[in-house]
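Comments concern the structure below.
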Amino acid sequence: MRAPLAPVAPLRAQIATAIGKTKDEKQAEWLLETAVRNPEDEVMAAAGEALGNFPGLPTPKLREICKRLVSRYGEVDMLARTPQSTDPNAPINFGAQNAAKTLQWIQPKWNQALRQLTGESHQQAADWQRWLNKNKDWEPKGR
């Protein structure tokens with residue numbers, strides 16, 4: 001009898017973190033796609049966090065990364081805050097519960113990455129979105 005396979009999400013998360021530490025600018029696109037599209041919370045969080053290692057990217061690329069991270073962060077946050085139906089006969093909607101779990105994984109790591117990329121400091125998706133809407137032509141601090 002074979003032993004059950006170990007979950008691969010922790011390994012994928014470690015790979016994303018290690019790729020971010022290389023600071024290889026060619027990997028930023030892969031990390032971004034992994035952060036916004038991966039179905040595993042731990043991998044999403046790690047890939048987003050790893051993007052914080054790339055503050056030296058050209059400003060247009062930084063803006064695109066931040067825009068997509070903030071957009072996905074906002075989607076997850078909004079879904080997590082969706083109120084549950086009070087109708088006892090309504091089907092159970094696990095989407096909000098799943099989004100809340102995802103939000104717990106990504107919020108601290110993505111906030112840190114966004115801080116490293118922008119020089120700004122916000123704690124909530126809505127605050128990042130508001131800042132991004134008001135500062136479309138932002139420049140990374142220190143340039």
Next item on the list: Side-chain contact test, heavy atoms from C-beta onward, threshold under 4.5 Å: evaluate it for Gln14 versus Leu11 and give yes or no.
Entry: yes

Check: Is Leu32 reachable from Leu57 through a run of hydrophobic residues whose side-chain heavy atoms are each under 4.5 Å from the next?
Finding: yes

Check: Taking all non-hydrogen atoms of both residues, which atom of Ala13 and which atom of Ala46 are closest, and how far apart?
Finding: O-CB, 3.5 Å

Note to self: I'd like to know if Trp128 and Val36 are part of one continuous hydrophobic network [Ile/Leu/Val/Met/Phe/Trp/Tyr, side-chain heavy atoms within less than 4.5 Å].
What the structure shows: yes

Check: Just by modelled atom types, is the Ala50 backbone N or O under 3.5 Å from a matching donor or acceptor in the Asn53 side chain?
Finding: yes

Notebook entry, point to check: Is Thr118 close to Cys66 at the side-chain level, that is, under 4.5 Å between some pair of heavy atoms?
Noted result: yes

Next item on the list: Please round to the nearest 0.5 Å and tell me the distance separating atom CG of Leu79 and atom CD of Gln97.
Entry: 11.0 Å

Item checked: Worked check of side chain to side chain contact (heavy atoms under 4.5 Å, CB included) between Arg63 and Asp137 -> CA-CA 8 Å; Arg63 287 181 186 151; Asp137 294 324; 4.2 Å; yes

Next item on the list: Could you give me the CA-CA distance, side-chain angles and deciding distance for Trp110 and Met44, then say whether side chain to side chain contact (heavy atoms under 4.5 Å, CB included) is met?
Entry: CA-CA 9 Å; Trp110 286 21; Met44 284 177 65; 4.2 Å; yes

Next item on the list: Specify the closest pair of heavy atoms between Leu62 and Pro55, including all atoms of both residues, with the distance to one decimal.
Entry: CD1-O, 3.4 Å

Item checked: Lys109 with Glu42: basic N within carboxylate O range, under 4.0 Å -> no

Checklist line | Val43 backbone acceptor or donor facing Arg12 side chain under 3.5 Å | finding: no

Notebook entry, point to check: Distance-only, no hydrogens or angles: does the Gln107 side chain make a donor-acceptor pair with backbone N or O of Thr102 under 3.5 Å?
Noted result: no

Next item on the list: Answer yes or no: is there an ion pair linking Glu29 with Lys61, defined by an N-O contact shorter than 4.0 Å?
Entry: yes

Notebook entry, point to check: Heavy atoms, side chains only, cut-off 4.5 Å: are Gln116 and Gln112 in contact?
Noted result: yes

Next item on the list: Quick one: closest heavy-atom pair of Asn133 and Lys136, and the distance?
Entry: O-CG, 3.7 Å

Check: Between Leu103 and Ala80, which heavy-atom pair has the shortest distance, and what is it?
Finding: CD2-CB, 4.2 Å

Note to self: Taking the basic N atoms (NZ, or NE/NH1/NH2) and the acidic carboxylate oxygens, is any pair closer than 4.0 Å for Arg115 and Glu120?
What the structure shows: no

Notebook entry, point to check: When rounded to the nearest 0.5 angstrom, what is the spacing between CG in Leu51 and CD1 in Ile19?
Noted result: 11.0 Å

Checklist line | Heavy-atom closest contact (Asp24 atom, Phe54 atom, distance) | finding: O-CE2, 3.2 Å

Next item on the list: State yes or no: do Leu69 and Trp30 share one hydrophobic cluster built from I, L, V, M, F, W and Y residues joined by side-chain heavy-atom distances below 4.5 Å, directly or via other members?
Entry: yes

Note to self: Suppose we call two aromatic rings close when their centres sit under 6.0 Å apart. Are Trp138 and Trp131 close by that rule?
What the structure shows: yes

Checklist line | Side-chain heavy-atom pair Glu49, Ile106 within 4.5 angstrom cut-off | finding: no

Next item on the list: Give me the one residue out of His122, Glu75, Gln129 that meets side-chain contact (heavy atoms from CB on, under 4.5 Å) with Val70.
Entry: Gln129

Margin query: Measuring from atom CG of Leu31 to atom NZ of Lys26, what distance do you get when rounded to the nearest 0.5 angstrom?
Written below: 14.5 Å

